[in-house]
Amino acid sequence: MATVDKEALRAKYREERDKRLRPDGNDQYIRLTGRFAHYLDDPYTPVTERAPRTDHVTVAFIGGGFAGLVTGARLKEAGVEDVRIVEKGGDFGGTWYWNRYPGAQCDTASFVYMPLLEETGHMPTEKYAHGPEILEHCRRIGKHYGLYDNALFHTEVLDLTWDEQRSRWTIRTNRGDAFTAQFVAMGIGPLHVPKLPGIPGIDSFQGHSFHTSRWDYAYTGGDPSGAPLDRLADKRVAIIGTGATAVQCVPHLARACQELYVFQRTPSSVDVRDNHPIDPQWFAAVTATPGWQQRWLENFTANQAGGLADEDLVMDGWTDIARRFRSRIRAIPPAELSQETMLAAFEDADFEKMEEIRARVDAVVRDSDTASRLKAWYRQLCKRPCFHDEYLQAFNLPGTHLVDTDGKGVERITEKGVVAAGREYEVDCVIYASGFEVTTDYTRRAGYDLVGRGGRRLSEHWADGMRTLHGVHVHGFPNAFIVQPTQGANLISNIPHNLTEAGRTIAVTVRHALDHGYAQVEPTKEAEDAWVELLLSGAGRLLGSPDCTPGYYNNEGHDAGLKGRLNVGHPHGAMAFFGYIDQWRRSGTFDGLAFRSVADRFGRRETAGAD
Ligand code: NDP
């Protein structure tokens, strides 16, 4: 680190951030409407007619991605047979159902990313599995736990209303269903509503265009397993965006297109991937002891989120960040250990890592001007870190051109192509790798609002920001659960781990209610308030610093006020939360939840605690 001029780097980071800050923040993006609307249709599975449902189930789950699958699995394990998953796609898989762009792959090691490996007996074929295998694993979980039997696919929830008299939810959908459920749970996914940049002229383009989450293989040729995109050999293609999705699909496009123009506003940091097939013998040894996946999960989390693991089982780019940090912390003499020295150590570790990532660009990309434009000038966790061994290499191919916009973005779309950096690029096809809504309100992304006790809507309850107990339960919304990372562990490097834990919490809660004949369960106001207070007592978000270059981690660089401050995890980190919630579940006292029997509803009002 002797050669790093820290002050110069800080100034460079500030300069690069400032040139990207824009007053419209999230409003720069638009939804896929108008001529793009048909891209939201399901291109993969034909819709089949069915009669509307008007029956009753014990648990309805909205969303058939990992959240619904792992919660459904835990409920089934707990003996709750009557689980109905409602999913807008034609099958299970969630993000892996929709995102079938070439090269789609998990950026987190399969052993910790793919849930329920031990229960289903699946051996991932690669350290970082590709999309088709992950989608197949979703189906495997669905089959293994009998979740297909009662599922409603191609079905969107329009309305969810609490019926206090009958202690149940009424669920109305776009397929005419109006069924009831004693409990509802929701796992709508953090990134499922595709967005487009609101570029002037976006509707005027006369060529072909699509969003990466609805890849048009009929136009490009090829398939999700990586077969060559053989219809692009005579095509000039523009791809707008250079986030995690583009990093994975650009190498495939670069190999196939006559000319590929990659329009870049902010470069991603692209570290080494180092993927490899899994050796069955090694896998057999690793998995010989029961409970192996939980140990791997805990080890992965401990290595980066507040743990003190001496061993690093996964050993990859995610744990590397923490490994460097820890070794620097250990080097500080105990007498000098303070928040200041720790933050300085963190910054030093980050400078070192980012210098390596920038040096890798120089080592890989032959054209020095292109290389200099592909370098990321921000701290590694300012944006979603990327890992790939073919992305930078793609810029060495003669038909692949980086169009760097120096932070300004594409200026305009015309009938013929894309205008950026003062030039019009005529193309046959524009591919939008422009991401998904992240920081917009939950009910906007869900497409429905929950109407809870007394007609109060979730959007009203959360008008000033999210309020929950443990990120799962919401006061005023009895028998409803949400499955997502925020206000829980908030572990972004491995989203499914958050979901699996929430699924466990829901399963024990539902089981307890059923076993004791309780009609309702809900967090007390005091418990929810105390949890929110605990969340606000922390140092704030590790991700999303306002000093960072704009992106969805920091609400495009805009202060989101209380809403932003509530968009956090446990103040002591993911490891602390997982430990806490495990104890909470084991205790059997269900602190913070109020269970009510039917008699309570009409006589005594509140039954504090569990029994
Ligand atoms: P992102 O939101 O990360 O990227 C959108 C890209 O579009 C950015 O590069 C953005 O630039 C660019 N952009 C937006 N507006 C313009 C404009 N006007 N002109 C030029 N460029 C523009 O979306 P992704 O789909 O790449 O990734 C979303 C998330 O999905 C990831 O962060 C990750 O969490 C997840 N993902 C996970 C994977 C996995 O391994 N499991 C794989 C792929 C994605 P700028 O940066 O300047 O805003």
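Please read these numbers as outputs of a predicted model, since none were measured by experiment. Ligands are counted one by one from 1 in listed order, and the atoms in each one are counted from 1 as well.
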Mind checking whether Lys383 has an N or O less than 3.5 Å away from an N or O of ligand 1? yes

Side-chain donor-acceptor pairs under 3.5 Å in residues 370-377, sequence neighbours left out?
| residue | atom | partner | partner atom | Å |
| --- | --- | --- | --- | --- |
| Thr370 | OG1 | Asp367 | OD2 | 2.6 |
| Ser372 | OG | Asp369 | O | 2.9 |
| Arg373 | NE | Asp369 | OD1 | 3.3 |
| Arg373 | NE | Asp369 | OD2 | 3.2 |
| Arg373 | NH1 | Asp404 | OD2 | 3.3 |
| Lys375 | NZ | Asp362 | OD1 | 3.2 |
| Lys375 | NZ | Asp362 | OD2 | 2.7 |

Which residue and heavy atom of the protein sit nearest [atom], plus the separation:
atom: atom 39 (C) of ligand 1; answer: Arg384 NH2, 3.4 Å
atom: atom 1 (P) of ligand 1; answer: Gly435 CA, 4.1 Å
atom: atom 6 (C) of ligand 1; answer: Ala433 O, 3.3 Å
atom: atom 30 (O) of ligand 1; answer: Leu191 CD1, 4.1 Å

Near Thr245, which atoms of ligand 1 are under 4.0 Å from a heavy atom of that residue? 24 (P), 25 (O), 26 (O), 27 (O), 43 (C), 44 (C)

Hey, which atoms in ligand 1 end up nearer than 4.0 Å to a heavy atom of Ser434? 5 (C), 7 (O)

Under the salt bridge (Lys or Arg N to Asp or Glu O under 4.0 Å) criterion, do Arg360 and Asp389 qualify, and how do the steps go? CA-CA 11 Å; Arg360 181 173 185 244; Asp389 293 338; 3.0 Å; yes

Quick one: does Val262's side chain get under 4.5 Å of Thr242's, heavy atoms only? yes

If the contact criterion is a heavy-atom separation under 4.0 Å, does Tyr378 count as touching ligand 1? no

What do we get for Pro197 next to ligand 1 when only non-hydrogen atoms under 4.0 Å count, side chain, backbone, both or neither? side chain

Using a 4.0 Å heavy-atom threshold (strictly under), name the region of Gln248 that reaches ligand 1: side chain, backbone, both or neither. side chain

